[in-house]
Amino acid sequence: MTGQDGERSELQQGSERSEFPYTAHVENTAHEIVDRFAEQLDAGEETGVVVSVAGRLMLRRVQGKLAFGTLADHTGRIQLFAPAQSTPEFEAFCALSLGDWVQVSGIVMKTKRGELSVRVDGWTLLAQSRRSFPDKWHGITDPDTRYRQRYVDLWVTEEARRAFTLRSQIVSAIRRWMEDRGYLEVETPVLHPIPGGALARPFATHHNALDQELFLRIAPELYLKRLVVGGFPKVFEIGRVFRNEGMSVRHNPEFTMLECYEAYGDYRVHIELTEQLVAHLATSLLGTTEVSYGGRPLSLAAPWRRAPLAELLSEQIGVEVDVRTPVAELRRLCDQHDTPWKDHYGSGKLLLELYEKIVEPTLWEPTFVTDYPKEVSPLSRVHREDELLTERFEGIVAGRELCNGFSELCDPDDQRERFEDQARQNAGGDDEAMVVDDDYLRALDYGLPPTVGLGIGIDRLVMLLTDSANIRDVVLFPTLRPEQAAGSD
RNA sequence: GCCCCUGUGGCGCAGUUGGUUAGCGCAGCGGACUUUUAAUCCGAGGGUCGUGGGUUCGAGUCCCACCGGGGGCACCA
């Protein structure tokens, strides 16, 4: 391609490029005008109300001595009505390109056919679009183009605008809700000397001045608990975390997590917090807790079902199993159910693998799965009724993990042992296992009170509430392969 | 990493069992039109069919490789 990749001809590029204004007078929005006048005016009626709007010209219908246009702004669309005899520089107005930014002022009126319009009594070209906009009827159908050129997608794909607006509202509502309950929002480091707080492979980077290896965080967990040690009893953070793992419709290498910690509470406190928060978001933003996901109904109303992991698994496979079931028997069950295992897996890990394979995808209605094996929960406090389990829960909705929380492990000695156990697995080839974080252990030495913690994947939550099947539909600029050099695509 | 699908002018598509100058709609260009709603009508342009090989008298169409994109599996949230 020789640079004519959708660019307009020279003729079209306009001679007054240098005359684009530095500001624009905008007092109204498309939505506001429709809201105010759509019901009131009769076809052919004119008001004396002068409005001033700005946006992109999305459609144009020139008819000799009369032109119509469709102007889009961030709130919606409104028709422009431009008669030759009253429109300043009518010829130039008709020559506008689709996608051009214009400011228009004029009276509000309805055409003979009853379409609410702004008469173009004055207009200014604010910026040109030198590349043509996508097909006005089909929009962008290639998903790759939608993700790469989100700046165009947002104009053309109504669904995209809706999803990202809702995402913003969700995050904002979460903040308000947490703050209303006495949680303090904090910011902890993204660059970690030791990656921790989750089981995942990190991205590595390097600080030149310190000549030190650093990792992009895989979770803020350990820093937030340091803050509870530091005397903030209720903290939360909404932030980006990074995991160097595969990408899929449900996984983007960087994603947003809400994590919160509360002193003096146990895991039951955050189970309730989760179901109430999600129900609140659904009610306040969607108007109902009865939603549908992928065409299938789903009730987010609290309370959600609670069930211990081993119980759910036993029920599903028809064999009584728990964390005390011998490894050999669980391996047999894994083989039977097409679930791969490794030699170093204990009963707890085998149980988890079986559960994730067999049970999790079947949990459609919101369910809190509780009492995870200690073996697979290196940061969770031991269950008060069973030393091989922990007081941990995951919230499963539509067959997917939405959140993960637990009574926090406070005992520095126990934590050290769990770290060391993880480190052994790490050395043994499991590059997702944790390593010992001595500073975190030092913090625990000063005393962490009884505490509960919770992490919610915001992207997954937004997917759920916007009925999106692909995480890329709720991430503005998802991670993609680098675009091929222009010329071959 | 493995498997399946896909790649035609700026955009959306059609291209019949491989057969003569690769079509259509939108956009863009020229023209007509004072109530359109993807406006309509007339006219003239624009593509070495992802790239590179191969089979064939002849390939957008068949074969191979590579590149891009999508979906599924595996790993994870």
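In what follows, chains carry the letters A, B, and so on, assigned in the order in which the sequence lines appear, proteins first and then strands, with residues in each chain numbered from 1.
Rounded to whole Å, the separation between the C1' atoms of B/C41 and B/U21 comes to 28 Å. Here, B/U17 and B/C13 have their C1' atoms 23 Å apart, quoted to the whole Å. Spacing between B/U40 and B/G1 at atom P, rounded to whole Å, works out to 48 Å. Separating the P atom of B/C66 from that of B/G9 is a span of 24 Å, rounded to the nearest Å. The P atoms of B/U34 and B/C24 are separated by 30 Å, rounded to the nearest whole Å. As rounded to the nearest Å, B/U6 and B/U61 have P atoms that lie 14 Å from one another. With both ends at atom P, the span from B/G18 to B/C29 equals 42 Å, rounded to whole Å. Straight-line distance between the C1' atoms of B/G68 and B/G52: roughly 15 Å, to the nearest whole Å.
A cation-pi contact links A/K349 to A/Y345, judged by a cut-off of 6.0 Å to the six-membered ring centre and 45° from its axis. Taking the centre and axis of the six-membered ring of A/F164, the NZ or CZ atom of A/R167 falls outside the cone set by 45° and 6.0 Å.
For the OP1/OP2 pair of B/G70 and a distance below 4.0 Å, the side-chain nitrogens and oxygens of A/R472 include at least one atom meeting the criterion.
The backbone N or O of A/L41 sits less than 3.5 Å from a side-chain atom of A/K110, completing a donor-acceptor pair.
Across all strands, A/R250 comes closer than 4.0 Å to base atoms (heavy-atom distances). A/R119 comes within 4.0 angstrom of nothing in the nucleic acid, heavy atoms only. Among the protein residues, A/N252 comes within range of the nucleic acid bases, having at least one heavy atom under 4.0 Å from a base atom. Counting non-hydrogen atoms under 4.0 angstrom, A/V241 reaches nothing in the nucleic acid. Within the nucleic acid shown, A/L59 comes within 4.0 Å of sugar-phosphate atoms alone, with no base atom in reach, counting heavy atoms only. Within the nucleic acid shown, A/E401 comes within 4.0 Å of sugar-phosphate atoms alone, with no base atom in reach, counting heavy atoms only.
Taking atom CG of A/N244 as the reference point, atom C1' of B/G1 lies 15 Å away to the nearest angstrom. Going from atom CG of A/N470 over to atom P of B/G72 covers 8 Å, rounded to whole Å. Atoms CZ (A/R146) and C1' (B/G69) sit 15 Å apart, rounded to a whole Å. The CZ-C1' distance, from A/R60 to B/G28, rounds to 10 Å in whole Å. Nucleotide B/C26 holds its P atom 18 Å from the CE atom of A/M58, rounded to whole Å. Rounded to a whole Å, the CG atom of A/L57 is 14 Å from the C1' atom of B/U37. Rounded to a whole Å, the CD atom of A/E91 is 13 Å from the C1' atom of B/G31. What separates CG of A/L80 from C1' of B/U37 is a distance of 13 Å, to the nearest Å.
Evaluated for a side-chain contact (heavy atoms from CB on, under 4.5 Å) with A/L312, the options A/I317, A/V359, A/I396, A/I358 yield exactly one hit, A/V359. Applying the side-chain contact (heavy atoms from CB on, under 4.5 Å) test between A/I271 and each of A/V452, A/T370, A/L454 identifies A/T370 as the sole match.
Ring geometry for A/F393 against A/F368 counts as perpendicular: the plane angle is over 60°, on a 0 to 90° scale with 30° as the lower cut. Using bins of under 30°, 30° to 60° and over 60° for the plane-to-plane angle, the ring pair A/W101/A/W155 lands in the perpendicular bin.
No side-chain N or O of A/E221 forms a donor-acceptor pair with one of A/Y223 less than 3.5 Å apart. Checking A/Y183 against A/R175 by side-chain atom types alone, no donor-acceptor pair falls below 3.5 Å.
For the strand RNA chain B, secondary-structure stems (runs of at least three Watson-Crick or G-U pairs, all distances below 3.5 Å) span B:1-7 with B:67-73, B:10-13 with B:23-26, B:29-32 with B:40-43, B:50-54 with B:62-66.
Considering only side-chain atoms of A/L98, the nucleotide from B/U35, B/G28, B/U37 that sits closest is B/G28. Nearest to the side-chain atoms of A/S248 among the listed nucleotides B/A74, B/U35, B/G70 stands B/A74. Listed candidates were B/U37, B/G71, B/C33. Nearest to the side chain of A/Q63 is B/C33. Here the side chain of A/R61 is nearest to one of B/U37, B/C33, B/G69, namely B/U37. Picking from B/U35, B/G71, B/U37 the nucleotide with the shortest atom distance to the side chain of A/L66 gives B/U35. For A/V249, the listed nucleotide lying nearest its side chain is B/G71; candidates were B/G70, B/G68, B/G71. For A/R148, whose side chain is taken as the heavy atoms from C-beta onward, the closest listed nucleotide among B/G69, B/A74, B/U34 is B/G69.
With sequence neighbours left out, the ring pair (Phe, Tyr, Trp, His ring centres under 6.0 Å) criterion links A/F255 to no other residue.
The residue among A/P83 and A/E254 whose nearest nucleotide of RNA chain B is located toward the 5' end is A/P83.
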